[in-house]
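I have placed the structure first, in the form of structure tokens, so that the comments after it can refer back to it.
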Amino acid sequence: MINQSSGKSSVLESIVGRDFLPRGSGIVTRRPLVLQLHKTDGGAEYAEFLHAPKKKFPEFAAVRQEIADETDRITGKTKQISNVPIHLSIFSPNVVDLTLIDLPGLTKVAVEGQPESIVEDIEMMVRSYVEKPNCIILAISPANQDIATSDAIKLSREVDPSGERTFGVITKLDLMDKGTNALDVLEGRAYKLQHPWVGIVNRSQADINKNVDMMAARRKEVEYFESSPEYGHLAHKMGAEYLAKLLSKHLETVIRQRIPSIIALINKTIDELNAELDRIGRPVGEDGGAQLYTILEMCRAFDRIFREHLEGGRPGGDRIYGVFDHQLPAALKKLPFDRHLSTSNVKKVISEADGYQPHLIAPEQGYRRLIDGSLGFFKGPAEASVDAVHSILKELVRKSLAETQELKRFPSLQSDIAAAANEALDRFRDESRKTVSRLVEMESSYLTVEFFRKLQTEPEKLPAKESKESQAQAQAASNVDRYSDNHLRRIGKYQITRLFNSVDKLFSNTIPKAVVFCQVREAKRSLLNHFYSQIGRREKEQLGKMLDEDPALMGKRETIAKRLELYKSARDEIDAVAWK
Ligand code: GDP
Ligand code: MG
């Protein structure tokens, strides 16, 4: 910046060392020019515009024309200005990586063809750039104007009161009236800034018209200062080349100062990216070993959650206890023994068992048949318990899978584990069914001698509420008629029912034990054992398929990983520079 026609564009060109900006009298720069310098490893210099990305400009004269044309494209061939920047990149081995911004100069009055608001418009635009605390301000004022009234200095003082990022530049020293000089300013007496003032002699309009090139202009400038009676003693601190060096030194200092905070910021970003990667899951290694490891990790994570559901910590396992505590006893209570042990059925079974020869003391065969027939009833509740626990376990598998965050990224593996777990539960259920039905069969296969002994003493043990009379009757009847109703009722209602009551108690203990042993304990111990032995034998390719991921997630991870790499290498580079 800043004052119009003060030589801003000319200074910028000198710093870059190339002719490429439109310069001249009046308001030439009418749009901000954001100039990015990219240092290349060699090769020819060229320029590129953001608005024409495919086009390379090897000729800098063409660059100047394009800037002028592009300015007109937005503003028309008027004297209007626009705050829409033109982005120009210069690729050259002779530049440093740096972004420079050339702005329209501040004016005091609108000239013909300009809107009244132009004075404020320009000021606002310039302000929006120089306000940024990271920006270095080149406050350029021509020597043939009063520095005290320089708008450039006024504005920079406003946005940078301490002056630590303002560089005062005086141009057009060659155009000063004879007998006057700018020593008061250049030596910091007239207006003190933190950084030393730099005097510049750019090419005059006549030089431009004569196409004096940059190198010749620089030589001329050096000559001017060295031979100047007024500025000779300052010659080594004047000129565009010195200004460029001063700026790059300053940049270096600023960057060095900022390194700790930049490193801190980079480290923070690295931490954030790492956390994000952890959240969506790290990439899986390419080799089979790493894949197998990942699969086993996932299985273990799932298994851990599943066990928490069973053992407590997560809900669900208590429902298994509910089966044993409510469902099984209720079902046992509902068994239709009344019908089976009704007098008429008892009579039927006993007489069929006795055949043509009625029993004498106890209907042994009849007992066996009655007991055999009724014990079968217990199979129902027993198997119902097996199935109820089975479906609870299945539900817990489903829940655990859904709660295993790590598995979310591998839908194939998730369904593989689900299949393996369910298959294992099916096996456990089959085993459990066999076991409980064997328990029931065991009970009916052998009636102990003890049982028959007890039967003999049964009549005396009739409940007290049965009247003496009916006891006596029963006693008599047992001697007289083996098939009297009383006799049969005693067999059905008291003897066998008593047996069943004790069997009932036994089963409500042993069935849960069998179910826990066969299903719950196995699920806890070896739910995925079979799966483990299977995948252990699988080829790398099959393992890879199990680890199929959602493509969107993979893309996201790749992006984050790339950014992470970038930040890490940035940190390394900065570290290397900082310790130089
Ligand atoms: P801007 O409007 O601030 O960008 O200024 P320019 O760089 O376009 O320059 C305006 C005019 O002043 C051009 O004709 C330049 O040749 C001329 N000019 C700039 N600096 C100097 C200088 O130091 N000495 C002389 N003699 N002319 C200069
Ligand atoms: Mg300009």
Side-chain angles (χ1 to χ4, degrees), residues 1-35 60 63-65 67-68 71 75 79-81 85-86 88 100-109 111 114 118-119 122-123 125-126 129-130 137-145 147 150-153 155-156 167-178 180-182 185-186 197-214 216-225 228 230-231 238-244:
M1 71 169 208
I2 270 174
N3 297 23
Q4 228 179 79
S5 289
S6 54
K8 299 180 298 296
S9 300
S10 304
V11 169
L12 227 50
E13 273 188 337
S14 304
I15 292 175
V16 179
R18 282 279 161 198
D19 306 84
F20 61 95
L21 292 174
R23 291 146 309 178
S25 55
I27 181 162
V28 179
T29 309
R30 286 179 290 121
R31 284 176 67 181
L33 179 88
V34 177
L35 171 66
F60 283 84
V63 172
R64 179 182 309 143
Q65 192 54 49
I67 293 173
T71 302
T75 61
K79 295 227 157 65
Q80 299 204 14
I81 60 144
I86 298 173
L88 169 64
L100 300 163
I101 302 168
D102 189 21
L103 295 169
L106 300 168
T107 59
K108 290 260 193 313
V109 283
V111 298
Q114 289 179 338
I118 192 158
V119 179
I122 294 180
E123 194 189 314
M125 185 200 304
V126 172
Y129 281 93
V130 298
I137 304 167
L138 281 188
I140 301 172
S141 319
N144 49 8
Q145 262 176 34
I147 297 296
S150 159
D151 291 317
I153 289 298
L155 185 58
S156 68
F167 284 81
V169 177
I170 304 281
T171 56
K172 303 194 180 178
L173 288 172
D174 57 321
L175 294 184
M176 287 185 83
D177 288 342
K178 280 233 153 53
T180 61
N181 64 53
V185 179
L186 289 176
W197 284 85
V198 179
I200 297 266
V201 176
N202 288 314
R203 280 168 289 183
S204 65
Q205 190 60 46
D207 291 338
I208 293 171
N209 296 347
K210 275 190 280 175
N211 275 331
V212 173
D213 73 25
M214 182 65 69
R218 277 203 177 164
R219 266 199 311 276
K220 233 175 118 182
E221 190 186 27
V222 172
E223 256 165 45
Y224 174 87
F225 283 113
S228 156
E230 290 119 326
Y231 310 117
M238 297 287 129
E241 225 172 318
Y242 177 73
L243 178 64

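Just so you know, ligand 1 is whichever comes first in the structure, and atom 1 is the first atom listed for that ligand. Side-chain atoms are counted along with the backbone in the values below, which use heavy atoms only and exclude waters and symmetry mates.
In the vicinity of Asp174, heavy-atom distances shorter than 4.0 Å reach the ligand 1 atoms 22 (C), 23 (O), 24 (N), 25 (C), 26 (N). Close approach to Ser10 involves these atoms of ligand 1, each under 4.0 Å from a residue heavy atom: 6 (P), 7 (O), 9 (O), 19 (C). Near Val201, with a cut-off below 4.0 Å to any heavy atom, the atoms of ligand 1 are 23 (O).
Relative to atom 12 (O) of ligand 1, the option among Lys172, Lys8, Arg30, Gln205 with the closest non-hydrogen atom is Lys172.
Counting heavy atoms from C-beta on, the side chains of Val201 and Lys220 never come closer than 4.5 Å.
Of the heavy atoms in Ile208, only side-chain atoms (C-beta onward) come closer than 4.0 Å to ligand 1.
Checked against a 3.5 angstrom limit, the closest N/O atoms of Arg203 and ligand 1 fall inside it. For Leu175, no nitrogen or oxygen atom sits less than 3.5 Å from a nitrogen or oxygen atom of ligand 1, counting backbone and side chain alike.
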Does the pair Glu13 and Arg64 meet the rule for a side-chain contact (heavy atoms from CB on, under 4.5 Å), with working shown? CA-CA 11 Å; Glu13 273 188 337; Arg64 179 182 309 143; 4.1 Å; yes
Leu138 and Ile15: side-chain contact (heavy atoms from CB on, under 4.5 Å), yes or no, with the steps? CA-CA 12 Å; Leu138 281 188; Ile15 292 175; 3.9 Å; yes
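The residue from Ile200, Ile170, Leu186 that alone fulfils the side-chain contact (heavy atoms from CB on, under 4.5 Å) condition with Met238 is Leu186.
In this model, a donor atom of one side chain and an acceptor atom of the other lie less than 3.5 Å apart for Ser9 and Asp102.
For Phe167, the ring-ring contact (aromatic ring centres under 6.0 Å, His included) test picks out His195, His250, with sequence neighbours left out.
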